[in-house]
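Here the structure comes first, spelled out in structure tokens, and everything after it is commentary.
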2 protein chains.
Amino acid sequence: MSAAAPLRPRKAQIDRTATALFRAQGFAATSMRELATALGLEAGSLYSHIKSKEEILHRVCFGLADSFFAGFAAATHETAPVAEQLRQAIVAHVRVLTHDSAASAVFLHEWRHLSEPARREFLALRDRYEGAFRELIARGVAAGELHTPDPAFAALTLLASLNWLPNWYRPEGKLTPDEIAHRLAEQLLSGLWPHRGSTGPA
Amino acid sequence: MSAAAPLRPRKAQIDRTATALFRAQGFAATSMRELATALGLEAGSLYSHIKSKEEILHRVCFGLADSFFAGFAAATHETAPVAEQLRQAIVAHVRVLTHDSAASAVFLHEWRHLSEPARREFLALRDRYEGAFRELIARGVAAGELHTPDPAFAALTLLASLNWLPNWYRPEGKLTPDEIAHRLAEQLLSGLWPHRGSTGPA
DNA sequence: CCTACCGATCGGTAGG
DNA sequence: CCTACCGATCGGTAGG
């Protein structure tokens with residue numbers, strides 16, 4: 001959760017290029033020689049900047065986790081109505097997903113290639129993040145602002161909808177990230193039945 | 001979309017075992033030697049049953065596509081109200097996901113390791129399936145049975161929620177597949193706002 | 001950052 | 001279905 005020290009430029013460039021390759025081909029199917037070629041150098045030279053292939057994956061996965069937690073914390077101020085906090089948490093989550101959709105895709109799909117204990121630590125962080133959404137929804141239900149028979153189920157479904165975004169989001173598309181976020185929030189909060197308006201419960 | 005000929009038992013066993021490994025470790029990170037060991041034979045022996053590693057992936061991905069299309073077709077009879085057709089399509093989709101969640105996970109995540117032209121054909125099938133949901137939702141909106149500003153967006157979000165299921169579904173869990181399906185349908189149709197009841201629009 | 005290389009492992013095949 | 005093996009490629013290192 002603490003901010004990581006800034007990376008040296010070359011190291012940051014390696015991470016960025018590797019992230020794009022990991023996203024497109026998967027971690028296991030991406031070779032260090034491919035990565036080196038994409039960076040214009042020889043395979044062996046990578047190891048004067050990094051220790052291992054997995055180190056890159058580790059940094060990407062845990063860096064994104066930091067971003068998601070930071071966004072959630074900033075979005076949920078206890079003074080606002082819970083439903084509004086949830087809406088802001090959705091916006092924050094979507095901002096992270098759209099701001100670095102390649103890293104998000106790696107975060108979402110490639111974490112399983114982390115070896116222990118990093119893999120376990122990663123899953124614990126993910127569970128904690130899901131738990132934060134679950135508790136927010138549960139508080140909304142308790143306050144009568146939200147309705148669902150199962151906040152845990154609702155949290156999973158909500159995050160699933162959001163996390164599909166890196167699969168289709170294109171920065172050059174006609175909707176801005178915040179427009180996408182508000183539309184997602186709208187649909188998840190209001191459902192698909194015809195309803196009485198879009199700004200809150202009746 | 002046509003039903004595939006039944007596989008010889010050994011071939012079906014190879015597919016099942018490979019599917020479990022592909023799901024757990026990913027296609028690229030699973031070796032044919034691992035697969036052979038899991039089946040109690042030597043690596044070379046696999047090739048008297050199959051032609052290549054990718055052939056297995058191909059069969060799994062396209063077989064699941066067949067199942068999804070068949071379920072959708074059976075669920076959507078023009079005589080029912082569109083909202084009810086959508087609900088049944090959700091149930092059918094969830095049945096496929098839960099009936100073979102390992103194959104579903106491979107279908108959802110490993111298709112990118114198909115080489116051309118199979119990869120392109122697979123994506124065309126997936127697009128067609130998404131399109132069927134999109135058109136169903138659009139018909140519901142036209143009939144006044146559903147509401148959304150963007151049926152394509154709604155279809156993507158709906159399928160994303162459903163497709164997260166293989167990540168957490170456990171056959172030994174307390175909810176049956178049909179209970180899960182109805183709960184998902186309920187949440188996606190009604191949203192999280194407090195509402196007037198769960199069986200349809202007011 | 002490169003050259004040269006390590007041992008290990010990969011998907012797949014020949015021949016039986 | 002096994003034995004024995006192919007060429008290719010893998011992540012990573014030594015030494016400069």
Side-chain angles (χ1 to χ4, degrees), chain A residues 6-62 106 109-119 122, chain B residues 6-62 106 109-119 122:
Chain A
L7 298 180
R8 307 179 122 170
R10 194 54 155 168
K11 202 164 177 176
Q13 188 195 17
I14 290 172
D15 281 8
R16 269 198 312 278
T17 306
T19 298
L21 290 170
F22 292 169
R23 178 201 205 167
Q25 309 175 343
F27 175 80
T30 300
S31 75
M32 296 304 271
R33 280 156 180 82
E34 272 182 292
L35 173 57
T37 299
L39 289 160
L41 38 82
E42 298 301 317
S45 308
L46 287 168
Y47 291 90
S48 52
H49 300 284
I50 59 163
K51 278 183 318 194
S52 70
K53 186 184 179 185
E54 185 175 335
E55 182 200 308
I56 305 173
L57 180 64
H58 188 284
R59 214 164 23 245
V60 173
C61 288
F62 284 82
V106 171
H109 296 127
E110 304 300 328
W111 57 265
R112 68 160 115 216
H113 297 290
L114 292 168
S115 54
E116 300 295 356
R119 182 185 155 121
F122 177 86
Chain B
L7 298 180
R8 305 177 123 181
R10 195 52 156 170
K11 202 164 176 176
Q13 188 195 18
I14 291 173
D15 280 8
R16 271 198 312 278
T17 306
T19 298
L21 290 170
F22 292 169
R23 177 201 204 168
Q25 309 174 341
F27 176 80
T30 300
S31 74
M32 295 305 270
R33 281 156 181 82
E34 272 181 292
L35 174 57
T37 299
L39 288 161
L41 38 81
E42 298 302 315
S45 308
L46 287 169
Y47 292 89
S48 52
H49 301 284
I50 60 163
K51 279 183 317 193
S52 70
K53 186 184 180 187
E54 186 175 336
E55 181 201 309
I56 305 173
L57 180 64
H58 188 284
R59 218 170 14 249
V60 173
C61 288
F62 285 81
V106 171
H109 296 127
E110 305 300 328
W111 55 265
R112 69 161 112 215
H113 297 289
L114 293 168
S115 54
E116 300 295 357
R119 181 184 156 123
F122 177 86

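Note: hydrogens, waters and symmetry copies are ignored here, and every other heavy atom, side chains too, is used. Just so we're on the same page: letters track the sequence lines, and every chain starts at 1. Bear in mind that the values here come from a model prediction, so they are computed numbers and not experimental data.
- The aromatic rings of B:Phe27 and B:Phe22 stand perpendicular to each other, their planes meeting at an angle above 60°, with 30° marking the opposite boundary.
- Distance from the side chain of A:Lys53 is smallest for D:dG12 among the nucleotides C:dG12, C:dC2, D:dG12.
- In terms of position along DNA chain D, the nucleotide closest to A:Glu34 lies nearer the 5' end than the nucleotide closest to the other residue of the pair A:Gly44 and A:Glu34.
- A 3.5 Å limit on both hydrogen-bonding distances identifies C:dC1 as the Watson-Crick or G-U partner of D:dG16.
- Checking C:dG11, D:dT13, C:dC1 against the side-chain heavy atoms of A:Tyr47 singles out D:dT13 as nearest.
- In the set C:dC2, D:dG12, D:dC2, D:dG12 carries the atom at the smallest distance from any side-chain atom of A:Ser52.
- With C:dC2, C:dG12, D:dC1 as the candidates, the nucleotide lying closest to the side chain of B:Arg33 is C:dG12.
- What separates CG of A:Leu46 from C1' of D:dT13 is a distance of 13 Å, to the nearest Å.
- As a whole-Å value, the separation of A:Glu42 CD from C:dT3 P is 5 Å.
- Of all the heavy atoms in B:Ala29 and B:Glu34, the pair that sits closest is O-OE1, 3.5 Å.
- Proximity of A:Leu114 to A:Phe62: side-chain heavy atoms (C-beta onward) are separated by under 4.5 Å at one or more points.
- Residues B:Met32 and B:Ile50 form a side-chain contact, since some pair of their non-hydrogen atoms from C-beta on lies under 4.5 Å apart.
- Between the P atom of D:dC10 and the CD atom of A:Gln25 lies a distance of 11 Å, rounded to the nearest Å.
- Look at CG on B:Leu35: it is 12 Å from P on C:dC10, rounded to the nearest Å.
- In this structure, the CD atom of B:Glu54 is 14 Å from the C1' atom of C:dG12, given to the nearest Å.
- Closest approach of A:Arg10 to A:Leu41, counting heavy atoms only: NH2-CD2, 2.9 Å.
- C:dG11 atom P lies 13 Å from atom CG of B:Leu57, rounded to whole Å.
- Between A:Ile50 atom CD1 and C:dC1 atom P the separation is 12 Å, expressed in whole Å.
- Look at C:dA8: its Watson-Crick or wobble partner, with both distances under 3.5 angstrom, is D:dT9.
- Listed nucleotides: D:dC10, D:dT3, D:dC1. Nearest to the side chain of A:Ser31: D:dC10.
- Spacing between atom CE of B:Met32 and atom P of C:dG12 amounts to 6 Å, rounded to whole angstrom units.
- Residue A:Ser45 has a polar side-chain atom (N or O) positioned under 4.0 Å from OP1 or OP2 of C:dC2.
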